[in-house]
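Below: the structure, in structure tokens.
For the single chain, residues carry numbers from 1 onward in sequence order. Bear in mind the structure is a predicted one, so any value in this text is a computation, not a measurement.
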Amino acid sequence: MPKVKQPTLLHVTTVPMSLRFIQGQIDFMQSKGLHVECLCSPGEFTNQFIEETGVPVHTVVMSRRITPFRDIVALFRIWQIMRRIRPTIVHAHTPKGGLLGILGAWLAKCPVKIYGMRGLPCMTETGMKRGLLEITEKISCLFSNLVIAESMSLRKYAIDNGLTASRKVIVLGKGSGQGVDAENRFDPKKYDRSAIRNDLKISKSTLVIGFVGRLVRDKGVNELIEAWKEIRERFADSLLLIVGEFEPQDPVSSNSRNKLLNDDRVKFLGFREDVELLYAAMDLVVLPTYREGLPNVLMEAASMMLPIVSTNIVGCIDVIENGVTGILVPPRDVKSLIHACCLYLDNKALRKKHGQAARQHILTNFLRGRISDELFAVYNNCQIVNR
């Protein structure tokens, strides 16, 4: 009998680092009989990803900004790759990767086209740029067979703002693209807090506020620094631990950057792969972001039994139960941010109570295995429907 060809699943993302969104699912999907490949822009993380997963990665230069001529060139190259490898399922993530991946799959006549809606840049834009970004989202949704929104609140926003029809967009479980590895990597019982703090040269008594993420304006970094100015005065034995890198797109102000880098009570670690160790050293995680799909940082921190201060926006409201697992404040509201952080820093019992509730919320709603099961069921159903 002739050998039956494995269905090929092709993930498309704009930048290599976004491959982390799907890395935790690869072994599972391969065990279910799918051949997995990826496509993204070239970058340092690409080779590391190939070494860690053994998954082939095709590279095409894609700009995160709107660049019509370069985007057309990228679309042509993506179409060529898809015509060659003939994927059964194209799952395209992030705004630009989603747009070019879905259009390339449509032109290449790939049977199943899924757009992973992980966040909407149009949320924080105005005028012509907002309109253009909304049009690109509508195109990605229109040419896909299915849209998977990363959270319930993101799904509602997309429908309410006319980006896609309600019948076309779903959410896996309670939300998330791949869930969180709460039973292994992000289990606080696995880490020695004292030893980690010792390695970081942080004393046992120090109150550590953690920020994990890209250092850009949309993450609320300017507000965090303004809030920190007052918090550091109120709590003499406190420290701000920053894990992430400055990025040229949507940059924080030069004044804010200088304040971060020149404060002797700010420990700036840059990008780190071992964030689970760093969470173990923290007392509180803060993410005063303006827009999200469903932030992995909040799921990871909650899984590590940490209370969280974040904003009452799309995505964050799906992870945090306000007053139960964390505190939600309005975006750009420095006074509310200060008040929420101080509530936790002043009250160890409250930190412990909300941290325990946060981990239980993750174990109940966002475990990786459950999300993977649901996603495979979606892939399987789409293949059957589109035969």
Can any side-chain N or O of Ser151 pair as donor or acceptor with the backbone N or O of Gly293 at less than 3.5 Å?
yes
As an exercise, state the distance from CE of Met304 to CG of Leu277, rounded to the nearest 0.5 Å.
8.0 Å
Verify the distance criterion only: is there a donor paired with an acceptor across the side chains of Glu374 and Tyr379 at less than 3.5 Å?
no
Nearest 0.5 Å please: distance from the CG atom of Leu107 over to the CD1 atom of Ile102.
11.5 Å
Between the side chain of Arg370 and the main-chain N/O of Leu367, is any donor-acceptor distance below 3.5 Å?
no
Output field: ring centroids Phe246/Phe268 closer than 6.0 Å
yes
The reported gap from CG in Asn312 to CD1 in Ile327 (rounded to nearest 0.5 angstrom) is 12.5 Å
Donor-acceptor contact below 3.5 Å, side chain Arg265 vs main chain Leu239
no
What's the verdict on side-chain contact (heavy atoms from CB on, under 4.5 Å) for Ile362 and Met299, showing C-alpha distance, side-chain angles and the deciding distance?
CA-CA 7 Å; Ile362 295 298; Met299 291 195 297; 4.1 Å; yes
Donor-acceptor under 3.5 Å (Arg217 side chain, Asp250 main chain)
no
Minimum heavy-atom separation for Leu375 and Gly177, please, with both atom names.
CD2-O, 4.5 Å
Output every pair passing ring pair (Phe, Tyr, Trp, His ring centres under 6.0 Å) with a member in residues 188-210, not counting sequence neighbours, ordered by first then second residue.
none
Measuring centre to centre across the rings, with the benzene-like ring taken for any Trp, is His11 within less than 6.0 Å of Phe21?
no
Minimum heavy-atom separation for Gly101 and Val90, please, with both atom names.
O-CG1, 4.0 Å
Are any side-chain N or O atoms of Arg214 and backbone N or O atoms of Lys219, one a donor and one an acceptor, separated by less than 3.5 Å?
no
Output yes when a side-chain donor or acceptor of Ser41 lies under 3.5 Å from a complementary backbone atom of Thr14, and no otherwise.
yes
Sole residue of Thr164, Leu142, Ile114 in side-chain contact (heavy atoms from CB on, under 4.5 Å) with Val147:
Thr164
Where Asn145 and Pro111 come nearest, the two heavy atoms and their spacing:
OD1-O, 3.5 Å
Which heavy atom of Arg130 sits nearest to which heavy atom of Met123, and what is that distance?
NH1-O, 3.4 Å
Please step through side-chain contact (heavy atoms from CB on, under 4.5 Å) for the pair Leu99 and Leu75, ending with a clear verdict.
CA-CA 9 Å; Leu99 176 67; Leu75 177 60; over 6 Å; no
Can you find a side-chain donor-acceptor pair between Gln48 and Glu273 that sits under 3.5 Å?
yes
Backbone N/O of Leu163 and side chain of Asn161: donor-acceptor pair under 3.5 Å:
no
From Arg272 CZ over to Ile242 CD1, what is the distance, rounded to the nearest 0.5 angstrom?
13.5 Å
Check Arg20 with Glu52, please: is the shortest side-chain N to carboxylate O separation under 4.0 Å?
no
Whether Arg84 side chain and Ile81 backbone form a donor-acceptor pair below 3.5 Å:
no
With the threshold set at 4.0 Å, does a side-chain nitrogen-carboxylate oxygen contact exist between Asp218 and Arg332?
no
Decide whether Ser63 and Arg70 meet the rule of one side-chain donor and one side-chain acceptor closer than 3.5 Å.
no
Please report the C-alpha distance between Arg257 and Asp263 in whole Å, then the side-chain angles of each, then the deciding distance to 0.1 Å, and finally whether the salt bridge (charged side-chain N to carboxylate O under 4.0 Å, His left out) criterion is met.
CA-CA 10 Å; Arg257 179 177 178 135; Asp263 189 327; over 6 Å; no
Hey, would you say the Tyr115 and His91 ring centroids sit under 6.0 Å apart?
no
Rounded distance (nearest 0.5 Å) linking atom CD of Gln23 with atom CZ of Phe49:
5.5 Å
Between Glu37 and His35, do the side chains contain an N or O donor and an N or O acceptor separated by less than 3.5 Å?
yes
Member of Leu120, Leu154, Leu287 meeting the side-chain contact (heavy atoms from CB on, under 4.5 Å) criterion with Glu292
Leu287
Any donor and acceptor pair, going by atom type alone, linking the side chain of Lys174 with main-chain N or O of Phe366 inside 3.5 Å?
no
If only atom types and distance count, is the side chain of Ser176 paired as donor or acceptor with the main-chain N or O of Leu172 below 3.5 Å?
no
With a 4.0 Å cut-off, would you call Asp346 and Arg234 a salt bridge?
no
